[in-house]
Amino acid sequence: MNDKLTADHVRSLGLTGRDFLRELDFTAAELNSFLDLAARLKQSRKDGHEPELLSRKNLAAIFEKTSTRTRISFSVAMSDQGGSITFLDGASSQVGHKESPADTARVLSRIFDAIEYRGSEQAVVAELAKYSSVPVYNGLTDQWHPTQMLADFLTMREHQVDPQEALSYCYLGDARSNMGNSLLIMGAIMGADTRIVAPKALWPGQTVIDQAHARAQESGAKITLTEDIAEGVSGAEFVHTDVWVSMGEPKEVWQERIELLQPYQVNQAVLELAGSNAKAMHCLPAYHDTKTVLGAQIAQDFNLQGGIEITHEVFESSANISFDQAENRMHTIKSILVATLA
Ligand code: CP
Ligand code: NVA
């Protein structure tokens with residue numbers, strides 16, 4: 001662990017040139033390599049001797065949806081490693097509305113060393129990867145959020161009371177969304193005790209559930225999908241949630257979503273059901289108070305005081321480790337960049 005991280009060591013991981021589109025494309029060993037490298041990069045940054053392994057590398061980062069964490073993580077990671085980043089979006093470039101993913105990919109790969117994409121359709125990031133001659137990374141689609149999974153797993157690794165024990169976590173909320181899908185599949189690949197706790201109408205699609213069971217057979221993961229909160233939450237070391245209405249969904253779905261998900265709010269009672277050491281996790285941004293325009297509007301329209309998907313009480317308590325998660329976005333995204341480009 002003390003020897004200096006070199007490009008040769010990184011290349012020996014065998015991840016050079018790989019796309020990072022969805023968790024399903026990787027083995028548990030490969031995902032663990034990204035996590036180990038992230039932990040190492042995190043430590044070397046804190047110690048002040050981070051090696052620059054991406055000098056003169058250029059990343060094109062396309063954001064068709066808004067972002068704080070993912071955007072700043074790619075940016076700071078490239079800068080720390082001696083590389084640079086160019087941001088593109090539909091409003092200020094031809095991407096999306098005037099040039100197809102296939103043409104965009106062929107143009108960008110002539111000039112850049114890698115491409116990041118955030119948008120709605122998984123098919124778009126897959127198409128970029130098909131036509132690109134450089135690695136393509138998924139910075140979130142409606143279906144998957146794979147860079148978030150590395151941050152979540154690094155954070156759980158850091159906070160697990162007994163790292164020798166199997167990891168156990170549950171996800172409460174809209175489980176058909178990117179976060180529900182990704183947490184189910186990632187847990188299945190990594191051999192975790194993985195629980196999806198949501199009304200059946202909001203469970204992941206059957207294809208994703210089947211993929212999870214198939215990967216669990218290889219890894220020994222325990223997969224639970226349940227509507228029963230006590231069954232799903234009891235004994236889980238980590239309790240995840242996410243916004244109930246995701247980017248790109250119309251405002252009109254809030255009413256129905258709140259009716260379905262109100263019992264699945266992450267509050268003190270739910271956390272206590274999980275166990276006395278249970279930690280709350282959220283990919284962020286979160287609606288836990290009325291200090292955002294939308295948070296205030298929803299709280300007023302639906303008479304929800306004290307938080308929506310997570311209560312203000314839990315969010316401000318020591319059980320909340322979502323800011324560690326947010327920091328780890330940068331270290332894990334850096335690990336993807338270094339592992340695939342160094
Ligand atoms: N968690 C996450 O992806 O945050 P951003 O939308 O701010 O990038
Ligand atoms: N499910 C959320 C995740 C945000 C990081 C969304 O897609 O808006």
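Indexing begins at 1, ligand by ligand and atom by atom, following the structure's order. All values reported here derive from a predicted model rather than from experimental measurement.
- Residue Arg118 touches ligand 1 through its side chain alone, judged by heavy-atom distances below 4.0 Å.
- Under 4.0 angstrom from ligand 1, the non-hydrogen atoms of Leu284 all belong to its backbone.
- The single protein non-hydrogen atom nearest to atom 7 (O) of ligand 2 is Asn178 ND2, 3.0 Å, given as residue, atom name and distance.
- Between Ala201 and Arg176, the closest heavy-atom pair is O-CD, 3.6 Å.
- At a heavy-atom cutoff of 4.0 Å, ligand 2 is contacted by no atom of Asp142, backbone or side chain.
- Among Gln325, Lys65, His145, the residue whose heavy atom lies closest to atom 3 (O) of ligand 1 is His145.
- Of all protein heavy atoms, the one lying nearest to atom 2 (C) of ligand 1 is Arg329 NH1, 3.2 Å.
- Using a 4.0 Å cut-off between a side-chain N of Lys or Arg and a carboxylate O of Asp or Glu, Glu116 and Arg71 do not qualify as a salt bridge.
- Atom CD of Glu316 is surrounded by more than 12 heavy atoms from other residues, nucleotides or ligands within 6.0 Å.
- Residue Glu99 places its CD atom among more than 12 non-hydrogen atoms of other residues, nucleotides or ligands, all under 6.0 Å distant.
- Lys291 places none of its side-chain heavy atoms less than 4.5 Å from the side chain of His312.
- From the protein, the heavy atom lying nearest to atom 7 (O) of ligand 1 is Thr68 N, 2.7 Å.
- Considering each of Arg69, Met179, Met247, the one bringing a non-hydrogen atom nearest atom 4 (O) of ligand 1 is Arg69.
- In this structure, Lys65 does not pair ionically with Asp89, as no charged nitrogen and carboxylate oxygen lie closer than 4.0 Å.
- Relative to the ring axis of Tyr169, Arg195 does not place its NZ or CZ within 45° and under 6.0 Å from the centre.
- Of the protein's heavy atoms, Asp242 OD2, 3.6 Å lies nearest to atom 3 (C) of ligand 2.
- At the shortest separation from atom 8 (O) of ligand 2 among protein heavy atoms lies Met247 N, 2.8 Å.
- A salt bridge is defined here as a Lys NZ or Arg NE, NH1 or NH2 lying under 4.0 Å from an Asp or Glu carboxylate O, and Arg18 with Glu30 meets this definition.
- For ligand 2, the atoms closer than 4.0 angstrom to any heavy atom of Ser246 are 1 (N), 2 (C), 6 (C), 7 (O), 8 (O).
- In summary, Lys334 and Glu50 engage in a salt bridge, as defined by a charged side-chain N under 4.0 Å from a carboxylate O.
- On a distance-only criterion, Arg71 and ligand 1 share no N/O pair closer than 3.5 Å.
- For ligand 1, the atoms sitting less than 4.0 Å from at least one non-hydrogen atom of Cys283 are 1 (N), numbered in the order shown with element in parentheses.
- Close to ligand 2: Leu140, with a non-hydrogen atom less than 4.0 angstrom away.
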